[in-house]
Student: 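For reference, the structure I am asking about is given below.
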Number of protein chains: 2
Amino acid sequence: MSQGSGKTPSKRPLTLRDVSEASGVSEMTVSRVLRNRGDVSESTRGKVLEAARALGYVPNKIAGALASSRVNLVAVIIPSMSNMVFPEVMTGISQILDDTELQPVVGVTNYKPEREETVLYQMLSWRPSGVIIAGLEHTEAAKAMMGAAGIPIVEIMDTDGEPIDSAVGISHRRAGRKMAQAIIDAGYKRIGFLGTKMPLDHRARKRFEGFTEILAKAGLEIADSEFYSGGSALAKGREMTEAMLQRNQEEPLDFLYYSNDMIGAGGLLYCLDNGIDVPGEIGLAGFNGIEFLDGLPRKLATMDACRVEVGRAAAEIIAKRVENPDAPGGEIITLEPSLEFGDTLKRKKKPL
Amino acid sequence: MSQGSGKTPSKRPLTLRDVSEASGVSEMTVSRVLRNRGDVSESTRGKVLEAARALGYVPNKIAGALASSRVNLVAVIIPSMSNMVFPEVMTGISQILDDTELQPVVGVTNYKPEREETVLYQMLSWRPSGVIIAGLEHTEAAKAMMGAAGIPIVEIMDTDGEPIDSAVGISHRRAGRKMAQAIIDAGYKRIGFLGTKMPLDHRARKRFEGFTEILAKAGLEIADSEFYSGGSALAKGREMTEAMLQRNQEEPLDFLYYSNDMIGAGGLLYCLDNGIDVPGEIGLAGFNGIEFLDGLPRKLATMDACRVEVGRAAAEIIAKRVENPDAPGGEIITLEPSLEFGDTLKRKKKPL
DNA sequence: CATGTGTATGTTAACGCTAACAGATTTGCC
DNA sequence: GGCAAATCTGTTAGCGTTAACATACACATG
């Protein structure tokens, strides 16, 4: 059984040397052909490509990266893949990186700081060209690693704090304030809050802080609140809404602010099912502007977190700095979250 | 400005040698400590760990992988991240791999065969320990690469066809047949189909084929169908449903079969909004069993694709074969999709 | 005390590729 | 024709780590 162009999945993996022998040129020339680098005559290029194809050679990037100390990976570290927000960020990142040599590699932390630390460590051990990481809150060790890595770091989704290097996102405090103002302007008074358990989600916490801050300025307080843990789920939103409305019957709430669109949508469906007049009897709002809200019977008020744009901007920062390594860095891009009133939040009452 | 434990992000990246010098032992010993391999005395272990920590050393896996020819990565190649099905598969994969040295790396193909081919090529060039790839349909070149890679390959989500190596999934043809049978048993007659444009999605196509096959046996045909491209969206489901019901007014449909739950949910919401009696006047069913159906006003009939389980089983195959490289391979695991009637599909009529 | 058995460390040579330089050959141009 | 520049190809020496082997020393054993 000859080794030549046979289909025998030979034991020893193929190397440049095999291609070089098959095509009668040096390994270096093969390397040049396969990377389109340097001048190679058309004839040898042809020979080499044919040999590589015939053998089924796939270059070994491990060796290549070690030799050239260029690793075209961008580490993307996010809390979760299953809540519709990060896939969109990924879309933005890919849109930009697809036009470069860079390739995203994602790691998921499940909102756990220690997990984030180990994921980061794992990622850095592959010596990526850059890091895109969600949030500004990290363990000390994680911050130290990123500070010392000597590569561009972009913290995304949040700009309320001090980034290690660059940051792209919205101010969640501002988002919370903005929503509170709109709710107050619309004349709502007894406001309930439904959200995730906060220590796990700094951005939700910041929104909450901004939200209560503005309420306080208007002499208002959160009338009731309910927190859950776990992913954002429609059913959870229903349950929580039911529970909250139930226990506030003698002094009914007139607005519910949800920390994400998914539970907000659950709440909306609950209200509609139970003949509650939205937004007359009760107003509702979520957060994120996720696409599927468009299909709901009524469009939930929400605030867009500019997810695709965040991904794009972050990737652009990395790409720019990879291309020009001694560019400054420390860029901070704050996007403005746009309030969408939808059909569940009345417009401003007092135009005065 | 001393280099020692200073915070200066030194130009030259840290290597084992730096740690070795800082702790006064050989590089080899440092390597042993950092990998917990071989015997090292407690005292030197302590010194080394301290030095490594103080310097902020992160091992270089590129070099390590090259030297040991062990790369603990598992390539996971999937069509999309944004439709709720693959994140769940990822969950299953992580559940298993988290207990091993292996780490998943995902690549997204957007349902494009050529893109799959390049993503696969990129992945293989990192010499992963295994590949988990969605579907059984690939370009010839992709199949060749996988066949020659000399690593375990697990094709997931589908078992209607010949896998390259191992496969884990459900039979989509069978899923389609099963759903058709349930619909026929319930007494529905004029059935509409709403789905994705098929060439892009082989599994949806196979379900459709199984579906029509059983209809044919019962002397039935699809009465109308509508296809769209793009992600699965609630709003799309609404639109399509409206259009389809509209144009079949003189001879109304009594069942709509959707190729995924998201458009199915859109259709359900449309029907409810328009006071259509579900499942009396019209029955509905989707596919996938995604979690958020639980929060809808009425539960959509669906068929579970066992996504988490598929991920787990696939990861287990890889893990097993990495641990024991000369295990046989070629395993095929066919899971049974379970039909969930929900509230939108009547139970069997004729108990005879 | 010679011998064996650990335990703890160090040395050497890859792993597969590419940067940097060095030849060899051709081409252009006065 | 001669010399520089351009084009093509090859050689050498790593990249940072680990496998495999070699060494050194301690301790037990009969």
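Keep in mind that what you see is a predicted model, and the values were worked out from it rather than measured. Only heavy atoms go into these numbers, but all of them, side chains included; no hydrogens, no water, no symmetry mates.
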Student: State, yes or no, whether a side-chain contact exists between A:Asp165 and A:Met146 at a heavy-atom distance under 4.5 Å.
Tutor: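 Side-chain contact under 4.5 Å: no.
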
Student: Distance check: side-chain N/O of B:Arg35 vs OP1/OP2 of D:dA19, anything under 4.0 Å?
Tutor: yes

Student: Show the numbers, then the answer: is there a side-chain contact (heavy atoms from CB on, under 4.5 Å) between A:Glu50 and A:Arg53?
Tutor: CA-CA 5 Å; A:Glu50 171 151 5; A:Arg53 190 161 307 136; 5.8 Å; no

Student: Give a yes/no on whether any side-chain N or O of B:Thr44 is located under 4.0 angstrom from OP1 or OP2 of C:dA8.
Tutor: no

Student: Could you give the CG-to-P distance, from A:Leu34 to C:dG16, as a whole number of Å?
Tutor: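 Result: 16 Å.
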
Student: C:dG16, D:dT18, D:dT17: which one has an atom nearest the side-chain heavy atoms of A:Ala63?
Tutor: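 Closest of the options to the side chain of A:Ala63: C:dG16.
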
Student: By nearest heavy atom, map A:Glu42 and A:Glu27 onto DNA chain D; which one lands nearer the 5' end?
Tutor: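 The 5'-side residue here is A:Glu42.
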
Student: Which of these, B:Thr100, B:Val322, B:Leu73, sits in a side-chain contact (heavy atoms from CB on, under 4.5 Å) with B:Ser129?
Tutor: B:Val322

Student: Starting at atom CZ of B:Arg37, determine the distance to atom P of D:dT18, rounded to an integer number of angstrom.
Tutor: 9 Å

Student: Are A:Ser26 and D:dT9 close enough that a side-chain N or O sits under 4.0 Å from OP1 or OP2?
Tutor: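 The answer is no; no side-chain N or O of A:Ser26 sits under 4.0 Å from OP1 or OP2.
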
Student: Report the nucleotide, chosen from C:dT18, C:dG16, D:dT18, that has the shortest atom-to-atom distance to any side-chain atom of A:Leu16.
Tutor: C:dT18

Student: May I ask you to evaluate whether A:Ser31 reaches the phosphate of C:dC17, defined as a side-chain N or O under 4.0 Å from OP1 or OP2?
Tutor: no

Student: Round to a whole Å and report the spacing from CZ of A:Arg45 to P of D:dT9.
Tutor: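 Result: 10 Å.
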
Student: Under 4.0 angstrom, heavy atoms only, what part of the nucleic acid is B:Thr29 near: base, sugar-phosphate, or nothing?
Tutor: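 Sugar-phosphate contact only - B:Thr29 comes under 4.0 Å of backbone atoms but never of a base.
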
Student: Between D:dC15, D:dA19, C:dA19, spot the one nearest the side chain of B:Met28, thanks.
Tutor: D:dA19

Student: Once you round it to whole Å, what is the distance between P of D:dT18 and NZ of B:Lys61?
Tutor: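 About 11 Å, once rounded to whole Å.
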
Student: Ignoring hydrogens and geometry beyond distance, is the side chain of B:Arg32 in donor-acceptor contact with the base of C:dG10 at under 3.5 Å?
Tutor: yes

Student: How long is the straight-line distance from CD of A:Glu21 back to OG of A:Ser26, given to the nearest 0.5 Å?
Tutor: 12.0 Å

Student: Roughly, in whole Å, what's the span from CZ in A:Arg12 to C1' in C:dG16?
Tutor: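 The answer, rounded to whole Å, is 12 Å.
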
Student: Measure from the side-chain heavy atoms of A:Val25 and tell me the nearest of C:dT18, D:dT18, D:dG10.
Tutor: D:dG10

Student: Could you give the NZ-to-C1' distance, from A:Lys47 to D:dC8, as a whole number of Å?
Tutor: 12 Å

Student: If you check the B:Asp39 side chain, which of C:dA8, D:dG16, C:dT18 turns out closest?
Tutor: C:dA8

Student: Using atom CG of B:Leu66 as one end and atom P of C:dT18 as the other, report the distance to the nearest whole Å.
Tutor: 12 Å

Student: Picking from D:dT17, C:dG16, D:dC8, which would you name as closest to the side chain of A:Asn60?
Tutor: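 So the nucleotide nearest the side chain must be C:dG16.
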
Student: OP1 or OP2 of C:dC15 versus the side-chain N and O atoms of A:Thr15: is any pair under 4.0 Å?
Tutor: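 False: A:Thr15 side-chain N/O out of range (4.0 Å or more) of C:dC15 OP1/OP2.
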
Student: Between D:dA19 and B:Arg70, is there an OP1 or OP2 to side-chain N/O distance shorter than 4.0 Å?
Tutor: yes

Student: Do any side-chain nitrogens or oxygens of A:Ser68 fall under 4.0 Å of OP1 or OP2 in D:dC15?
Tutor: no

Student: Are more than 12 heavy atoms, taken from residues, nucleotides or ligands other than A:Glu323, located less than 6.0 Å from that residue's CD atom?
Tutor: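 No, CD of A:Glu323 has 12 or fewer neighbouring heavy atoms, counting only those of other groups under 6.0 Å.
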
Student: Taking CZ from B:Arg17 and P from D:dT17, how many angstroms apart are they, rounded to a whole number?
Tutor: 11 Å

Student: Check whether any side-chain N or O of A:Glu316 sits under 3.5 Å from a backbone N or O of A:Ile96 as a donor-acceptor pair, and report yes or no.
Tutor: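 Judged by distance alone, no pair lies under 3.5 Å.
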
